[in-house]
S.K.: 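Before we start, here is the structure in question, set down as structure tokens.
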Number of protein chains: 2
Amino acid sequence: MASSDIPDIVIGRLPIYLRALTQLAQSGRDVTSSRELGQYLGISSAQIRKDLAWFGGFGKQGTGYHVQTLQQQLQHILHVDRQWPMAVVGAGDLGHALAHYRGFKARGFMVAAVFDNDPEKISEPLENNLVVHPMEKLTEVIGALNIKIAMLAVPAEHAQPVALQLVEAGIQAILNYAPITLIVPSHIRVQYIDPVIELQHMTFYLDQHEGNPGAAPEVPGQVSGVDQ
Amino acid sequence: MASSDIPDIVIGRLPIYLRALTQLAQSGRDVTSSRELGQYLGISSAQIRKDLAWFGGFGKQGTGYHVQTLQQQLQHILHVDRQWPMAVVGAGDLGHALAHYRGFKARGFMVAAVFDNDPEKISEPLENNLVVHPMEKLTEVIGALNIKIAMLAVPAEHAQPVALQLVEAGIQAILNYAPITLIVPSHIRVQYIDPVIELQHMTFYLDQHEGNPGAAPEVPGQVSGVDQ
DNA sequence: TAGATTGTTAATCGATTAACAATC
DNA sequence: TAGATTGTTAATCGATTAACAATC
């Protein structure tokens with residue numbers, strides 16, 4: 001029952017299930033099945049049932065799963081049945097995009113503070129009453145707002161030292177947008193977002209001269225696999 | 001030898017190795033070992049050697065790997081020993097951030113065209129002589145510039161139809177930033193970037209009341225695992 | 001009831017790790 | 001040479017899938 005018993009690879013799929021359920025709910029579906037969900041996500045129905053079974057029995061034989069109930073259960077399991085305040089560090093293009101992103105709220109998150117070390121950006125007003133704080137205020141603001149999660153959007157060469165500052169300030173989870181591996185204490189959670197990693201994964205399968213000259217229409221219908 | 005023999009999970013790690021080698025090269029290292037690389041990335045040395053062995057023997061017994069040579073080999077294997085022109089679809093905050101991002105060039109990519117359906121954004125000038133094209137020009141421009149890769153940065157409700165337009169236009173790989181699962185023909189590669197998925201993966205391990213009041217400094221030193 | 005789908009166990013499959021001969 | 005590290009094989013480990021009794 002301890003969360004450490006549950007394979008991390010299972011945890012990684014739960015947010016994807018949750019996202020799919022949200023889509024289903026929006027399209028008005030009340031009930032779904034592991035078969036439907038699996039087909040939609042490119043995952044076997046057995047895997048979905050087995051993943052959910054780690055946390056209990058949420059379905060009904062013969063019927064399937066009540067979309068809204070399962071959604072709530074997953075939100076509870078993932079601790080997103082609340083709003084996590086987050087810090088954005090780095091107020092460049094990406095930092096701005098993150099600070100303005102409307103999609104966090106409905107899924108358990110909000111940007112509560114933005115930091116940058118560029119004097120020109122300090123005090124710059126953003127949406128939602130946010131302003132850009134100087135890096136000197138990092139520990140103070142993160143402590144005052146009880147922030148545990150940071151999105152790191154600074155240039156690659158600053159990412160490592162800033163990450164350690166964040167840890168000092170009490171941050172426990174970092175979503176790192178800088179294209180480097182961070183070295184942090186082992187109790188700090190880190191996830192990486194680097195578009196080039198994903199692009200290079202795809203170009204392995206692409207061939208420069210695999211030309212499609214003039215466009216070759218194809219019948220849609222199949223489903224692509226799951227994301228990392 | 002056919003690329004389909006090689007597990008996709010192995011392919012997914014190669015860009016991470018390549019990124020680490022770039023970091024090593026920048027810090028002036030000439031030679032490295034599977035042990036060093038593994039320690040740095042939180043991966044076993046055996047796995048790194050086994051992954052590389054799918055493509056040949058790049059190392060020297062007793063010595064290790066020549067950083068620059070291995071870098072070049074991986075670039076070749078991943079087909080990033082060239083510059084892939086890409087389309088950005090959606091010229092909002094995120095689209096702008098992608099169009100301005102400086103990090104693509106050195107790693108095999110460039111933004112060659114930007115599209116949006118908002119008349120106010122059309123013809124808006126961006127960096128690098130880019131302008132925002134109307135969606136009507138999608139097929140024409142993608143064909144003329146021989147673009148095979150698109151980054152999809154439109155609102156969630158438009159992502160599915162736009163993805164199919166991209167496929168019609170000859171796009172073969174999509175990096176999808178919209179928080180939905182895309183349904184596309186099976187020969188189209190799709191990778192997903194959704195920060196909320198990564199955040200929810202981390203909040204599973206966080207506890208709201210696991211307070212660190214007043215900041216608890218900790219000794220850095222250990223390394224976090226590999227991303228997806 | 002008959003049909004459908006769950007939760008779960010056992011079988012299979014694949015990925016990771018350990019170990020070591022080869023060799024620089 | 002002695003020490004180090006590769007490439008590779010065999011052993012282990014873990015994840016996925018198949019199958020089905022339980023039951024709605």
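Only this structure's heavy atoms are used, side chains among them; waters, hydrogens and symmetry mates stay out. Since the structure is predicted, the reported quantities are computational estimates derived from the model, not experimental observations.
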S.K.: My understanding is that a pair needs two contacts under 3.5 Å, Watson-Crick or G-U wobble. By that rule, which nucleotide pairs with C:dG7?
M.R.: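 The answer is D:dC20, by the H-bond criterion.
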S.K.: D:dT6 P sits how many Å from B:E36 CD, rounded?
M.R.: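 Going from B:E36 (CD) to D:dT6 (P), I get 10 Å.
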S.K.: State which residue, out of B:I197, B:I180, B:N176, fulfils the side chain to side chain contact (heavy atoms under 4.5 Å, CB included) condition with B:Y192.
M.R.: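 Between B:Y192 and the candidates, side chain to side chain contact (heavy atoms under 4.5 Å, CB included) is satisfied uniquely by B:N176.
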S.K.: Using heavy atoms to find the nearest nucleotide of DNA chain D for B:T32 and A:T63 separately, return the residue whose nucleotide is more 5′.
M.R.: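 Taking each residue's closest nucleotide, the earlier one in sequence belongs to B:T32.
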S.K.: Is there a side-chain polar atom (N or O) of A:R49 under 4.0 Å from OP1 or OP2 of C:dG7?
M.R.: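 Checking A:R49 against C:dG7: no side-chain N or O falls below 4.0 Å of OP1 or OP2.
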S.K.: With a 4.0 Å cutoff (strictly under), does any side-chain N or O of B:Y65 reach OP1 or OP2 of D:dA4?
M.R.: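 False: B:Y65 side-chain N/O out of range (4.0 Å or more) of D:dA4 OP1/OP2.
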S.K.: Quick one: sort the A:H79 and B:F204 rings into parallel, tilted or perpendicular, breaks at 30° and 60°.
M.R.: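 A:H79 vs B:F204 ring planes: parallel.
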S.K.: With a non-hydrogen cut-off below 4.0 angstrom, is A:S34 in contact with a base, only sugar-phosphate, or nothing?
M.R.: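 Sugar-phosphate, backbone atoms only, no base.
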S.K.: Mind calculating the distance between CZ (A:F55) and P (C:dG7) to the nearest angstrom?
M.R.: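 Spelled out: CZ on A:F55 to P on C:dG7 is 13 Å.
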S.K.: Distance check needed: D:dT6 P versus B:R35 CZ, whole Å only.
M.R.: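 It works out to 10 Å between those atoms.
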S.K.: Quick check: closest heavy atoms across A:I147 and A:P85, and the distance to 0.1 Å?
M.R.: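 Residues A:I147 and A:P85, closest heavy atoms: CG2-O, 3.6 Å.
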S.K.: Does a nitrogen or oxygen in the side chain of B:R13 sit under 4.0 Å from OP1 or OP2 of C:dT16?
M.R.: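 Yes, because at least one side-chain N or O of B:R13 sits under 4.0 Å from OP1 or OP2 of C:dT16.
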S.K.: Let me know the distance between CD1 of B:I9 and P of C:dC13, rounded to the nearest Å.
M.R.: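 Interatomic distance, CD1 of B:I9 to P of C:dC13: 18 Å.
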S.K.: Is there a side-chain polar atom (N or O) of A:Q47 under 4.0 Å from OP1 or OP2 of D:dT16?
M.R.: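 Yes, A:Q47 has a side-chain N/O under 4.0 Å of OP1/OP2 on D:dT16.
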S.K.: Is there a donor-acceptor pair closer than 3.5 Å between any side-chain N or O of B:Q160 and the backbone N or O of B:I183?
M.R.: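 Checking the backbone N and O of B:I183 against the side chain of B:Q160, a donor-acceptor pair under 3.5 Å is found.
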S.K.: When you measure from the side chain of A:T22 to the backbone of A:L18, do you find a donor-acceptor pair of N or O atoms at a distance under 3.5 Å?
M.R.: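 It does hold such a pair.
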S.K.: Could you tell me how far apart A:K50 (NZ) and D:dA18 (C1') are, to the nearest whole angstrom?
M.R.: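 After rounding, the reported distance stands at 12 Å.
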S.K.: To the nearest angstrom, how far is A:H66 atom NE2 from C:dT5 atom C1'?
M.R.: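 Distance, rounded to whole Å: 17 Å.
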S.K.: B:W54 CH2 to C:dG14 P: how many Å, rounded?
M.R.: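 Result: 11 Å.
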S.K.: So, does A:S44 get its side chain near the phosphate of D:dT17, meaning an N or O under 4.0 Å from OP1 or OP2?
M.R.: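 So the side-chain polar atoms of A:S44 do come within 4.0 Å of the phosphate oxygens OP1 or OP2 of D:dT17, strictly under.
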S.K.: In whole angstroms, how far is the C1' atom of C:dT5 from the CZ atom of A:F58?
M.R.: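 It is 17 Å, rounded to the nearest whole Å.
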S.K.: Taking any strand in view, what nucleotide pairs with C:dT12 in a Watson-Crick or G-U wobble way, both distances under 3.5 Å?
M.R.: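 Base-paired to D:dA15.
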S.K.: Nearest to the B:Q61 side chain among C:dT5, D:dT17, C:dA22, which nucleotide is it?
M.R.: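 Of the options given, the side chain of B:Q61 lies nearest C:dA22.
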